[in-house]
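Single-structure report; data block below.
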Amino acid sequence: AFYKYNCMKKEFGMVIIGGLLLLFGGYEIYMKDYMEFAMYLAAGVAFISTALSMMPQVNEPLKKPLTVISWVTIAMAVFLFFYLVRSEAF
C-alpha cells in the first residue's frame with residue numbers, strides 16, 4: 001500500500017518534481033503558450049514514469065512500458081526545449 005511508503009525515497013521526490021512540472025504546464029496552458037505546455041507536460045510525465053518504474057511496488061510487466069514511456073517523453077522534452085530556445089532566439 002502507498003501509505004506504508006517512505007516519503008524520503010528518491011522516487012517520491014521525482015514524483016513531486018513531475019507533479020510540479022505538470023502544474024507549471026497547466027499555468028502555461030492558461031497563458032496560452034502551448035509549446036511550453038507540451039514541453040512541461042513531457043518533462044512531468046518523464047519524471048513520473050521514471051519514478052514509477054523504479055518503485056518496488058510496481059509489478060514487473062509494467063516496468064518495461066513505463067521505461068519506454070519515460071525515454072520517449074524525455075526525448076520529446078529535449079527536442080521541444082531545443083526548438084523553443086532556437087525559436088525564441090530569432
Atom pair [atom1] ([X]) and [atom2] ([Y]), whose distance is rounded to the nearest 0.5 Å:
X	Y	atom1	atom2	answer
Leu84	Met39	CG	CE	5.5 Å
Glu36	Met31	CD	CE	10.5 Å
Leu21	Ile16	CG	CD1	11.5 Å
Leu66	Met54	CG	CE	12.0 Å

- For the student: nearest non-hydrogen atoms of Leu62 and Pro65, plus distance: O-CD, 3.4 Å
- Least distance between heavy atoms, Val15 atom then Ala51 atom: CG2-CB, 3.6 Å
- Item | Phe12-Leu20 co-clustered via ILVMFWY side chain contacts under 4.5 Å | yes
- Query: Is there a chain of hydrophobic side chains (I, L, V, M, F, W, Y, each step under 4.5 Å between heavy atoms) that links Val58 to Val45?
  - Reply: yes
Please list every donor-acceptor pair under 3.5 Å in which a side-chain atom of residues 72-82 meets a protein atom from a residue at least two apart or in another chain.
{"from": "Thr73", "atom 1": "OG1", "to": "Ile69", "atom 2": "O", "distance (Å)": "2.8"}
{"from": "Thr73", "atom 1": "OG1", "to": "Ser70", "atom 2": "O", "distance (Å)": "3.0"}

- Message: Once ring pair (Phe, Tyr, Trp, His ring centres under 6.0 Å) is applied, do any residues pair with Phe24, and if so which ones, sequence neighbours excluded?
- Response: Tyr27, Tyr40
- Item | Side-chain touch Ile48/Leu22, heavy atoms, less than 4.5 angstrom | yes
